[in-house]
A.B. asks: 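Provided herewith is a single structure, encoded as structure tokens, for subsequent inquiry.
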Amino acid sequence: MALSAQWDELFAGAPPRSGGQEPPAAGMRLASANGKEGGGGAPDIQFSKSPWSSAGKVAGELRTGTAGALADLDSASEGVTAGTAGFGATAALEEIRTTWKDRLGAVRDECGRLDGVLRSVGKDFGEVDVKVGNDVKAVAPAEPKGR
Amino acid sequence: MPTWQQLRDVKLSEFSDAADGWGKVSSRANAAKDRVDNEMRARIHETQKSKTAEGAVGDLGRLSRNYQYLHTECGLIRTALDGLATELAEPQRKLKQALEDAENLKFTVESDGAVKYPTTVAVTVPLAPGPGVARPGAPVPFLAGKGEGGGDPNKAKAEDIAERIAGAVRDAAEIDGRYAGVLRRLKSPAGLDVTNEMLVDAAADTKDVQKNAKFLPESNIPKGKSPADNKKWWDGLSQEERDEYATLYPAAVGALDGVPATVRDDANRMVLAETRAQVQLDRDALGPEPDRMIMTRRGGEPVMIENPEWRKWDKKRGPLDAKLKGMDAIQARFDRTGEADRTGEHPLPEAYLLGFNADGIGRAIVANGNPDTATHTSVYVPGTGTNLEGINGDIKRMETLWRASSAMADGSKVSTVTWFGYDAPQSIITDAPQSGYANEGGPVLNNFLGGLRASHEGEPGHLTAVGHSYGSTVIGSAARQGTLPVDDVFVAGSPGEQVGHASEMDVKKGHVWAANADSEPFLKGIPIPFIGDDKYGGINIPFVSSDPVPEIGGWGHAPKKLDIDVLPSWIDGDGMSVVKPLTPSNPDFGANIVATDGSRGHSGYWDEGTQSLLNQARVTVGKYDKVTLEP
């Protein structure tokens, strides 16, 4: 009993039991649970309260990034054919480049699709949609400053 | 095949610019994979689920695989193009030199590569006036003309030039053909699926580029050097070179101590994905399970026997399933990122795969949290019986330690690492008593820990080596053979350290900690005033342990001490024999013997709520004054 209580205390920050029986384990409660703000045990990842819509937001960003990758391929291949005439590798590169453009295009579209799906799952769970929230903010009149 | 004019005119910078573009795509895909895994999958893991939601989680797995596949393959294309540009530079230089020589001599190079030269006046014979033409492949090039009756020095020079032009074009054609072949194989199948076949192909593609990209040989990667030297090599590379080594030699880079954890993780995950795909294909190729029992006739009587076909099938199945089990356990840890067992607990941080190999009993080094940026890092060395198949338990132990440690770290970052980086003994009876496994593993451990020291960012971190059972012997052997580069050593259920005193463990005085599980409660359930211990419902007998390993193993792995003091163990705790093994839990060893309340037997040191675990966490985060010691 006492052992698991000590373990619970580690995470829940429950006050140490009174009495001399208590093993010397106080002082290892969560800093935040002790009432200190911030700093206390910042996890490596910050977790959003709306995981689905924020995952959707990331999907949207990845869609943009993947479209950027497609553009990278196009600009990289500019001038290759003209500047390297006669080389078999140039023809081979053109051949495979189209296959990768196809895959990147498919991945880009998948990101766009997932953006929608994840946000709608979030809405099903009652999350505030980040995108909609931002849109609303964008059209709403600016709040007067210096209130 | 290029002509000499095409070789002269080719803009090799076009190939290297294209390489840069493919490199960008590869890096973007790598970053995208991390975002999918850490910012999308990890976040939605623990939330409520619906049918749509579950479908989306599966789709994210596929998206992650796509980005990993793009990272690998586009990285290989980048490397192939760089190799092409680098290798073509030499024949192009040779060609240009030959053309310059021709021009200086006022020779003309014909479109087919023949070299026209003016015959030397002095040797002009009436029947052979005017210019001569030299073609490559003259019977005795370089000497031509000299041995002939009317030796013409111009003819010799022209033949030499023609030969050099042809040679340069031949070399270029060979290089071009080789890389064209490599590139053609690096194409993507259509669609969004990333199948096992595709991942196996990607592994073959990697080997293919390795073989052909002579400009980037594996031998450039340091081998057998110190972690500091490895780091120096890595730091001296351009970002492009780093990306190329990591995608071309993922296994070597993933295993290189001193290289940043993020780099090793990416490389090893690539190896893991490709290995998993290969093993799964091998498993699928075994086909369905044959009937185990078959009817046969023995002496006319029908009898059931075990099908020899089944036995053959099962013998192949066993090792494959074992590997799959271990690899799936590692993947499952990746998928647990972001999970918390209970409210108030920090969610599990990202995992880092710092080592992986599926050969034999396998290898796996899995970190919770980035050790390069952590203030406190504990590296756990598991003991006898550790293998890839059973790695799940060892991964879980360090998750538990991470939970406990990070909860008492006052906001400092903590990393806990399962280090299965040595050939662990498999049998308690035949292997565990031998020192060889520890003697071989010790230096490997020193190297790994030295790598963590080398790649750590900013101020040096606080580093602890945690050893269980035979794993603690590996730690002791590391200290005996070299320098164990840690601040604290925590051993649990140790059969001995190969050294006889804490002062030989390469840490400051008072920084060796030993746990040895308490005895099974005696007179359980009988409340005895004052001496009864209600925690266990019985009496805990001092100096008697429920963990047999230190008692028995000590005869194999701990130095012995001749002691004429033959006090019984319940008085001084160091055994009453005249010859005593100096295991870390023997007071004469000089370690701090920590309380283990709650742990029982040889495997209870990571049970939640035990003092063994809490004390390990306290040592991990450097809260030494909170450690509870045995009286």
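Proteins get letters first, then strands, A, B, ... in listed order; numbering begins at 1 in each.
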A.B. asks: Can a donor-acceptor pair be found between the side chains of B/Tyr69 and B/Ser188 at a distance below 3.5 Å?
C.D. replies: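 Judged by distance alone, the side chains do not pair up.
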A.B. asks: Counting only non-hydrogen atoms closer than 4.5 Å, does A/Val117 touch chain B with its backbone (N, CA, C, O), its side chain (CB onward), both, or neither?
C.D. replies: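 Side chain of A/Val117 only, per the 4.5 Å heavy-atom cut-off to chain B.
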A.B. asks: Less than 4.5 Å to any heavy atom of chain B: does that hold for the side chain of A/Ser77, its backbone, both, or neither?
C.D. replies: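 Answer is neither: A/Ser77 stays 4.5 Å or more from chain B.
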A.B. asks: State, with a plain yes or no, whether a side-chain heavy atom of B/Leu401 is found less than 4.5 Å away from one of B/Leu613.
C.D. replies: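 B/Leu401 reaches B/Leu613 side chain to side chain.
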A.B. asks: Answer with side chain, backbone, both or neither: which region of A/Arg113 has an atom nearer than 4.5 Å to a non-hydrogen atom of chain B?
C.D. replies: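 It is the side chain, since no backbone atom gets that close.
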A.B. asks: With a 4.5 Å limit on heavy-atom distance, are the side chains of A/Leu62 and B/Met40 in contact?
C.D. replies: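 When only atoms from C-beta onward are counted, B/Met40 and A/Leu62 do touch, with a gap below 4.5 Å.
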A.B. asks: Working to the nearest 0.5 Å, report the span between NZ of B/Lys187 and CZ of A/Arg103.
C.D. replies: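 Result: 13.5 Å between the selected atoms.
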A.B. asks: Any idea which of B/Ser13, B/Gly191, B/Ala19 has the most non-hydrogen atom pairs under 4.5 angstrom with chain A?
C.D. replies: B/Gly191
A.B. asks: Pairing donors with acceptors under 3.5 angstrom, does anything connect the side chains of B/Gln611 and B/Thr628?
C.D. replies: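 Yes.
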A.B. asks: Quick check on B/Arg403 against chain A: is it the side chain, the backbone, both or neither that has a heavy atom closer than 4.5 Å?
C.D. replies: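 Both parts, backbone and side chain.
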A.B. asks: Is the closest side-chain heavy-atom distance between B/Pro189 and B/Met198 below 4.5 Å?
C.D. replies: yes
A.B. asks: Just to be sure I understand the criterion: a residue of residues 22-30 of chain B counts if one of its heavy atoms is under 4.5 Å from a heavy atom of chain A. Which ones qualify?
C.D. replies: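 When heavy atoms of chain A are the reference, residues 22-30 of chain B contributes B/Trp22, B/Lys24, B/Val25, B/Arg28 within the under-4.5 Å range.
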A.B. asks: Contact part of B/Asp9 toward chain A, heavy-atom cut-off under 4.5 Å: side chain, backbone, both or neither?
C.D. replies: backbone
A.B. asks: For chain B, find which of A/Gly105, A/Cys111, A/Gly88 contributes the most heavy-atom pairs closer than 4.5 angstrom.
C.D. replies: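 Highest number of pairs under 4.5 Å: A/Gly88.
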A.B. asks: Among A/Gly68, A/Ala91, A/Ser75, which has the most heavy-atom pairs under 4.5 Å with chain B?
C.D. replies: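 The candidate making the most pairs under 4.5 Å is A/Gly68.
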A.B. asks: If you define the side chain from C-beta out and look only at heavy atoms, does anything of B/Val182 sit under 4.5 Å from B/Arg185?
C.D. replies: yes
A.B. asks: Which value, rounded to the nearest 0.5 Å, describes the distance between B/Arg184 atom CZ and A/Glu95 atom CD?
C.D. replies: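 So the CZ of B/Arg184 and the CD of A/Glu95 are separated by 4.5 Å.
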A.B. asks: Is any side-chain N of the basic residue among B/Asp17 and B/Lys11 closer than 4.0 Å to the acidic one's carboxylate O?
C.D. replies: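 Salt bridge: no.
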A.B. asks: For chain B, which of A/Thr98, A/Thr84, A/Thr66 has the most heavy-atom pairs under 4.5 Å?
C.D. replies: A/Thr84
A.B. asks: Working to the nearest 0.5 angstrom, can you tell me the gap between B/Leu7 CG and B/Gln92 CD?
C.D. replies: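 Separation between the atoms: 5.5 Å.
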A.B. asks: Using modelled atom types and a 3.5 Å cut-off, is there a donor and acceptor pairing between side-chain atoms of B/Asn615 and backbone atoms of B/Ala595?
C.D. replies: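 Answer holds: yes.
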A.B. asks: Go through the atoms of B/Leu12 and report whether side chain, backbone, both or neither lie under 4.5 Å from a heavy atom of chain A.
C.D. replies: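 Neither part.
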A.B. asks: What's the spacing between A/Arg63 CZ and A/Asp109 CG if we round to 0.5 Å?
C.D. replies: 7.0 Å
A.B. asks: Please classify the contact of B/Asp193 with chain A as side chain, backbone, both or neither, using a heavy-atom distance under 4.5 Å.
C.D. replies: backbone
A.B. asks: Just how far is it from atom OG of A/Ser54 to atom CZ of A/Arg119, taken to the nearest 0.5 Å?
C.D. replies: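 One gets 9.5 Å once the value is rounded to the nearest 0.5 Å.
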A.B. asks: Side chain, backbone, both or neither: which part of B/Leu192 has a non-hydrogen atom closer than 4.5 Å to chain A?
C.D. replies: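 For B/Leu192, backbone and side chain are both near chain A.
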A.B. asks: Which residues in residues 172-180 of chain B have any heavy atom lying under 4.5 Å from a heavy atom of chain A?
C.D. replies: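 From residues 172-180 of chain B, the residues near chain A are B/Asp176, B/Ala180.
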A.B. asks: Is there a side-chain contact between B/Trp402 and B/Thr620 (heavy atoms, below 4.5 Å)?
C.D. replies: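 B/Trp402 does not reach B/Thr620 side chain to side chain.
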A.B. asks: With a 4.5 angstrom heavy-atom cut-off, is it the side chain or the backbone of B/Leu183 that approaches chain A, or both, or neither?
C.D. replies: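 Interface part for B/Leu183: both.
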A.B. asks: Using 4.0 Å as the upper bound for N to carboxylate O, is an ion pair formed by B/Asp410 and B/Lys623?
C.D. replies: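 A salt bridge is present here (some side-chain N lies under 4.0 Å from a carboxylate O).
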A.B. asks: Below 4.5 Å, heavy-atom pairs only: which of B/Leu84, B/Leu60, B/Ile77 has the largest tally toward chain A?
C.D. replies: B/Ile77
A.B. asks: Do the charged groups of A/Asp74 and A/Arg97 touch, with an N to O distance under 4.0 Å?
C.D. replies: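 Yes.
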A.B. asks: With a 4.5 Å heavy-atom cut-off, do A/Phe87 and B/Leu88 have their side chains touching?
C.D. replies: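 Contact flag for A/Phe87/B/Leu88 side chains = yes.
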A.B. asks: Can you tell me which portion of A/Leu118 sits under 4.5 Å from chain B's heavy atoms? Options are side chain, backbone, both or neither.
C.D. replies: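 Side chain of A/Leu118 only, per the 4.5 Å heavy-atom cut-off to chain B.
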A.B. asks: Rounded to the nearest 0.5 Å, what separates atom CG in B/Asp205 from atom CD in B/Glu73?
C.D. replies: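 Between B/Asp205 CG and B/Glu73 CD, I get 4.5 Å after rounding to 0.5 Å.
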A.B. asks: Go through the atoms of A/Glu61 and report whether side chain, backbone, both or neither lie under 4.5 Å from a heavy atom of chain B.
C.D. replies: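 For A/Glu61, the side chain is the part near chain B, not the backbone.
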A.B. asks: Considering only heavy atoms, which portion of B/Ala404 lies under 4.5 Å from any heavy atom of chain A: side chain, backbone, both, or neither?
C.D. replies: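 Both parts, backbone and side chain.
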A.B. asks: Side chain, backbone, both or neither: which part of B/Ala190 has a heavy atom under 4.5 Å from chain A?
C.D. replies: backbone
A.B. asks: With a 4.5 angstrom heavy-atom cut-off, which part of A/Ala59 approaches chain B: side chain, backbone, both or neither?
C.D. replies: both
A.B. asks: Would you say B/Leu348 and B/Thr337 make side-chain contact, with heavy atoms under 4.5 Å?
C.D. replies: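 B/Leu348 does not reach B/Thr337 side chain to side chain.
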A.B. asks: Of the listed residues (A/Asp102, A/Leu70, A/Val107), which shares the most heavy-atom pairs with chain B below a 4.5 Å separation?
C.D. replies: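 Option with the top pair count is A/Val107.
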